[in-house]
2 protein chains.
Amino acid sequence: MRISRRVRFESTQLVAPHQLSVMARLEDRALTPRELAGIECVSPPSMTRTVSGLVERGLVARQDDPLDGRQVFLSLTAFGLLTLKETRRKRDAWMASRLRGISAEEREVLVRATEILTRLASE
Amino acid sequence: MRISRRVRFESTQLVAPHQLSVMARLEDRALTPRELAGIECVSPPSMTRTVSGLVERGLVARQDDPLDGRQVFLSLTAFGLLTLKETRRKRDAWMASRLRGISAEEREVLVRATEILTRLASE
DNA sequence: AGGAATAGTTAGCATAGTTAATGAGTTAGG
DNA sequence: CCTAACTCATTAACTATGCTAACTATTCCT
């Protein structure tokens with residue numbers, strides 16, 4: 001929890017972490033709110049609010065599904081893509097400054113740990 | 001973020017994670033709200049609320065500092081200690097079930113990664 | 001003795017999560 | 001073919017946890 005809070009604090013303030021996570025999901029392809037909610041382990045209403053914030057700020061666009069009137073497709077706008085990249089750059093700059101202080105061998109440990117945890121979380 | 005949410009979800013619901021973290025700090029020795037706020041990277045008012053919740057539930061006790069009337073010492077009650085241990089037991093049972101699925105070598109990677117991240121977060 | 005600093009709290013606000021209920025759209029069965 | 005049941009997204013109302021600013025009480029310092 002402490003590490004998570006610390007990272008949150010240090011990360012850029014441009015876009016909140018959970019918003020950034022959603023934007024990253026939309027980088028590859030458009031998704032529906034329900035799909036996003038499932039991926040992010042959040043209820044659909046939560047995702048609605050998160051997405052609404054992004055839409056208001058012009059980072060994400062809603063598009064009706066022509067085949068299924070109930071559904072909505074969400075995708076990054078050009079501005080959203082730019083912001084995603086910029087936010088990543090800033091966040092990575094902070095992280096890189098921390099990682100410079102540790103050895104290559106320690107970095108490798110973190111890479112492997114991330115793989116293991118990602119696998120455990122997805123099971 | 002996703003992993004953090006997942007752990008939160010799977011953890012026992014007896015005590016919220018940030019409350020548990022505070023209780024664990026008090027296991028060794030009594031601390032003041034301010035000290036706890038510093039350790040947990042949280043503002044003093046936030047810590048007041050967290051602690052108040054624990055006091056209301058009989059898990060933590062407030063004691064006036066006889067030497068400095070401004071200060072308060074916080075310590076675990078007997079019930080608090082019991083709850084801490086029980087909550088840990090449940091949480092560890094879930095975590096253990098996940099860790100059973102990975103190799104001893106992978107567990108070692110996680111141990112080392114934790115050490116590295118703890119060091120980075122404390123700098 | 002009196003002003004500055006410190007500790008804890010209170011009050012008010014923001015964010016992000018939840019469940020329950022609503023409305024629109026789709027699908028399937030009689 | 002039309003109605004009943006389901007699905008999707010959203011809204012409403014509530015909870016939890018963080019923050020800053022302001023307040024009270026105490027201590028420290030000159």
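Residue numbers start from 1 in every chain, and the chains themselves are labelled A, B, ... in the order their sequence lines are given, proteins ahead of strands. Just so you know, these numbers use all the heavy atoms, side chains as well, and skip hydrogens, waters and symmetry mates. None of these values were measured; they are calculated from a predicted model.
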From CA spacing to verdict: salt bridge (charged side-chain N to carboxylate O under 4.0 Å, His left out), A/K85, A/E27: CA-CA 10 Å; A/K85 288 182 176 170; A/E27 194 177 13; 5.7 Å; no
Base-contact (B) and sugar-phosphate-only (S) positions in nucleotides 22-30 of chain D, heavy-atom cut-off under 4.0 Å, - elsewhere: ----BS---
Between [X] ([atom1]) and [N] ([atom2]), how many Å, whole number?
{"X": "A/Q19", "N": "C/dG17", "atom1": "CD", "atom2": "P", "result": "10 Å"}
{"X": "A/D64", "N": "C/dA24", "atom1": "CG", "atom2": "C1'", "result": "12 Å"}
{"X": "A/F73", "N": "D/dC8", "atom1": "CZ", "atom2": "P", "result": "12 Å"}
{"X": "A/L54", "N": "C/dA16", "atom1": "CG", "atom2": "P", "result": "10 Å"}
{"X": "B/E56", "N": "D/dA16", "atom1": "CD", "atom2": "C1'", "result": "14 Å"}

Does [X] have a side-chain nitrogen or oxygen under 4.0 Å from the phosphate oxygens OP1 or OP2 of [N]?
{"X": "A/T48", "N": "D/dA9", "value": "no"}
{"X": "A/T50", "N": "C/dG17", "value": "yes"}
{"X": "B/S46", "N": "D/dT17", "value": "no"}
{"X": "B/S43", "N": "D/dG18", "value": "no"}

Sugar-phosphate only, base, or nothing, as touched by B/T32 at under 4.0 Å among non-hydrogen atoms: sugar-phosphate
Sugar-phosphate, base or nothing in reach of A/P33, heavy atoms under 4.0 Å: sugar-phosphate
Considering only side-chain heavy atoms of [X], which listed nucleotide, [options], is closest?
{"X": "A/Q71", "options": "D/dT17, D/dA9, C/dG8", "result": "D/dA9"}
{"X": "B/R49", "options": "C/dG8, C/dT18, D/dG18", "result": "D/dG18"}
{"X": "B/V42", "options": "D/dG18, C/dT9, C/dT18", "result": "D/dG18"}
{"X": "B/H18", "options": "D/dT17, C/dG17, D/dT10", "result": "D/dT17"}
{"X": "A/R62", "options": "D/dA9, D/dT10, C/dT9", "result": "D/dT10"}

Heavy-atom pair of closest approach, residues A/M23 and A/L54: SD-CD2, 3.8 Å
Considering all heavy atoms, the nearest A/P33-A/M47 contact: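 The answer is O-CG, 3.5 Å.
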Test item: side-chain donor near acceptor, A/R62 and A/S52, under 3.5 Å: yes
Short side-chain donor-acceptor distance under 3.5 Å, B/T50 and B/Q19: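 The answer is no; no qualifying pair exists.
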Chi angles and distances behind the salt bridge (charged side-chain N to carboxylate O under 4.0 Å, His left out) call for B/E35, B/R25: CA-CA 10 Å; B/E35 287 171 324; B/R25 296 286 170 189; over 6 Å; no
NZ/NE/NH1/NH2 to OD/OE distance under 4.0 Å, A/E105 and B/R112: yes
